[in-house]
Amino acid sequence: MGVGESGAALSGKRVLLVVGGGIAAVKIPDLIRRLRERGASVSPVLTRAGAEFVTPLSLSALAEEKVYTELFDLTDEAEMGHIQLSRQADIVLVAPATANLMARMVAGMADELATTVLMATDKPVMIAPAMNVRMWEHPATQRNLKQLRADGVLVAGPNEGSMACGEFGPGRMAEPLEIVDALGRHFGSGPLAGKRAIVTSGPTHEPIDPVRYIANRSSGKQGHAIARALGDLGADVVLVSGPTALPDPPGVETVHVETAVEMRDACEAALPADIAVCAAAVADWRAEAAGQKLKKQEGQPLPQLALAENPDILAGLAGRTTGRPELVIGFAAETQNVVEYATAKRKKKGCDWIVANDVSPATGTFGGDRNAVTLISAGEPETWPPMAKTEVAERLADRIAWYFGHDGPGAPE
Ligand code: PMT
């Protein structure tokens, strides 16, 4: 994305900039300058360690805003409490995000103003990690990174390169312009800007009685990652999610549902859309739910479940005569003859593309972090190597952007 595009996306945006204590903090004045050039306003919050590398005075001169430092500054609390400070921004950017600051974010510590603001905010958070290569590669940091991503935190960088400490490798903070572009993408200036997408994710729960339900093992990881990847490319995304343990992806409108019928209704309410991606594992049947908890009764025949067929959400979206999303993509969960069965499913459901995955228990696809998929469209099936579900999502989003006429890495190989 060019600077001009990120400029349009950032104009009028308020960035709360948490400055961590690392040598990369010396790049923060340049970052503030670049953000302001693009029309964003910047309120810096200096950590105690950050104040060892840059002065409040230099940041406030560049930002032309007050620089916040301590939690118990009574004047600040009287003027604007830390809660309000955390909520008035459009995004909270942490740069440099040191190993220590990342660990404190994961632990949910609120031991100074910066970490308290990060705990109190209801806005998306982006970190730009910066640290020595060994610290970056340390299992603790990698665990923390994974947790932060799972908590919905956006990550810009780090880059690979030579470091202030003399070592070489990943851990160098992304350049100010790269961070600006990452923010620009977040605010919707990517190749899918102006496109609206509906994504279904997770299982559905079909009640049997007030306490029991029919379900499946879908975690929502694949669908949620797709929603986020489309959002990162600038699409306006509505994620219709069945019950999962995942946080709502940042920058995406999430509608929570329980049953297939509710999922269908939420998808229809989210129309019109340009793109629909149905990654949810929708229960094919629902039971006629009993009003009261079914009781075990000695000597009585076992209760029988009367099943009714659920609406097919994918087929419904693909078969619309008016208001059909231009690109309708399904998933096919198969345990044998994966490509053959998925190809037939694509025809039967009337979708444009179908992403086939093997869900045999040995693959760990249901609930796991990785997936191996074949993308089936009108042309030759295309098998992608096994990769993280987040990478499948990014690749699919790139392919969707390519479909809508943008150059980029999504073109078929
Ligand atoms: O959630 P995870 O743990 O990350 O796992 C990801 C996944 C395995 C669930 C995902 O990659 C996947 O394969 N999703 C589709 C699961 C499924 O129900 O497949 P299916 O072959 O039964 O259905 C085919 C398509 O029809 C799917 O796009 C499904 O969303 C859709 N469908 C099915 C039934 C129904 N009543 N309505 C639908 O929309």
Side-chain angles (χ1 to χ4, degrees), residues 150 197-206 214-229 239-246 249 257-268 270 275-287 307-320 324-325 327-377 384 386-393 395-396:
I198 300 171
V199 179
T200 69
S201 181
T204 61
H205 285 182
E206 308 297 334
I214 301 170
N216 61 65
R217 296 178 194 282
S218 169
S219 62
K221 286 179 184 171
Q222 187 63 83
H224 278 52
I226 291 167
R228 181 172 181 165
L239 170 65
V240 182
S241 172
T244 77
L246 301 176
V257 297
E258 292 267 331
T259 66
V261 169
E262 288 170 7
M263 189 173 270
R264 188 262 329 262
D265 292 349
C267 287
E268 287 190 353
I275 304 155
V277 183
C278 293
V282 185
D284 286 317
W285 306 285
R286 64 180 178 278
L307 296 177
E309 198 166 340
N310 265 332
D312 191 315
I313 301 162
L314 172 65
L317 288 167
R320 289 180 73 89
R324 180 192 193 274
L327 184 62
V328 179
I329 304 173
F331 267 71
E334 308 292 349
T335 54
Q336 56 177 335
N337 305 326
V338 175
V339 173
E340 182 192 333
Y341 287 176
T343 304
K345 207 170 260 180
R346 172 178 167 268
K347 282 225 169 77
K348 185 170 157 225
K349 303 238 180 190
C351 55
D352 303 297
W353 301 352
I354 204 156
V355 183
N357 47 198
D358 187 339
V359 294
S360 312
T363 62
T365 304
F366 261 100
D369 289 329
R370 295 179 68 76
N371 205 353
V373 308
T374 299
L375 178 63
I376 297 166
S377 56
W384 298 353
M387 57 184 87
K389 282 179 178 168
T390 48
E391 290 173 85
V392 169
R395 200 159 162 170
L396 186 64

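As the structure is a computational prediction, the values presented were derived from the model and not from experiment. Start at 1 and go down the list; that is how both ligands and their atoms are numbered. All values below come from the heavy atoms of this structure, side chains included, with hydrogens, waters and symmetry mates left out.
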Subject >> Full working for side-chain contact (heavy atoms from CB on, under 4.5 Å) between Val257 and Thr204 >> reply: CA-CA 8 Å; Val257 297; Thr204 61; 5.7 Å; no
**OP:** Carefully, step by step, assess Arg264 and Val261 under the rule side-chain contact (heavy atoms from CB on, under 4.5 Å).
**Re:** CA-CA 5 Å; Arg264 188 262 329 262; Val261 169; 3.6 Å; yes
**OP:** List the steps, then state whether side-chain contact (heavy atoms from CB on, under 4.5 Å) holds for Thr259 with Glu206.
**Re:** CA-CA 5 Å; Thr259 66; Glu206 308 297 334; 3.7 Å; yes
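Looking at ligand 1, you won't find any N or O of Gly330 less than 3.5 Å from one of its N or O atoms. Ligand 1 has no N or O atom lying under 3.5 Å from any N or O atom of Val359, backbone or side chain. Residue contacts with ligand 1: Phe366 is placed with no nitrogen or oxygen under 3.5 Å of a nitrogen or oxygen of the ligand (distance criterion only). In terms of polar-atom proximity, Cys278 is counted as a contact of ligand 1, with an N or O under 3.5 Å from an N or O of the ligand. At a 3.5 angstrom cut-off on N or O pairs, Lys221 counts as close to ligand 1. Considering backbone and side-chain N/O atoms, Arg217 never comes within less than 3.5 Å of an N/O atom of ligand 1. In terms of polar-atom proximity, Gln222 is counted as a contact of ligand 1, with an N or O under 3.5 Å from an N or O of the ligand. Every N/O-N/O distance between Glu334 and ligand 1 stays at or above 3.5 Å. For ligand 1, the polar-atom distance check against Gly368 finds no nitrogen or oxygen pair separated by under 3.5 Å. Polar contact check, Gly202 against ligand 1: no nitrogen or oxygen pair lies under 3.5 Å apart.
Closest approach of Ala266 to Val240, counting heavy atoms only: CB-CG1, 3.7 Å. Across all non-hydrogen atoms, the minimal contact from Gly330 to Cys351 is N-SG, 4.1 Å. Closest non-hydrogen pair, Leu396 versus Trp384, comes out as N-CH2, 3.8 Å.
Of the protein's heavy atoms, Leu314 CB, 3.8 Å lies nearest to atom 31 (C) of ligand 1. Here the protein heavy atom with the shortest distance to atom 2 (P) of ligand 1 is Ser219 OG, 3.3 Å. Here the heavy atom of the protein found nearest to atom 34 (C) of ligand 1 is Asp284 OD1, 3.6 Å. When only non-hydrogen protein atoms are considered, atom 22 (O) of ligand 1 lies nearest to Lys345 NZ, 4.1 Å. If you check which protein heavy atom lies closest to atom 18 (O) of ligand 1, you get Ala281 CA, 3.4 Å. For atom 23 (O) of ligand 1, the closest non-hydrogen atom on the protein side is Phe331 O, 3.8 Å. Among protein heavy atoms, atom 5 (O) of ligand 1 sits closest to Lys389 NZ, 3.6 Å. At the shortest separation from atom 13 (O) of ligand 1 among protein heavy atoms lies Asn357 ND2, 3.0 Å.
Ligand 1 lies nowhere less than 4.0 angstrom from a heavy atom belonging to Gly223. Note on ligand 1: Ala279 sits in its first shell, one or more heavy atoms being nearer than 4.0 Å.
Between Ala342, Ala225, Ala333, it is Ala333 that holds the heavy atom closest to atom 17 (C) of ligand 1.
With hydrogens and angles disregarded, a donor-acceptor distance shorter than 3.5 Å links the side chain of Arg324 to the backbone of Ala318. With hydrogens and angles ignored, the 3.5 Å screen pairs no side-chain donor or acceptor of Asn357 with any backbone N or O of Thr365. Not one N or O on the side chain of Arg370 forms a donor-acceptor pair closer than 3.5 Å with the backbone of Lys389.
A side-chain N or O of Asp358 and one of Ser360 form a donor-acceptor pair less than 3.5 Å apart.
With a 4.0 Å heavy-atom cut-off, ligand 1 is reached by the backbone of Pro311 but not by any atom from C-beta on.
Counting the atoms of ligand 1 from 1 in the order shown, those under 4.0 Å from a heavy atom of Gly220 are 1 (O), 2 (P), 3 (O). Applying the 4.0 Å criterion to heavy atoms of Ala332 picks out, from ligand 1, the atoms 21 (O).
Screening Ile226, Val359, Thr200 against Phe331 for a side chain to side chain contact (heavy atoms under 4.5 Å, CB included) leaves a single residue, Ile226. For the pairing with Asp312, the salt bridge (charged side-chain N to carboxylate O under 4.0 Å, His left out) check across Lys345, Lys349, Lys348 returns one residue only, Lys349.
Taking CD of Glu340 as the start and CD1 of Ile376 as the end, the distance is 10.5 Å to the nearest 0.5 Å. Interatomic distance, CD1 of Ile198 versus CD of Glu268, reported as 9.0 Å (0.5 Å rounding).
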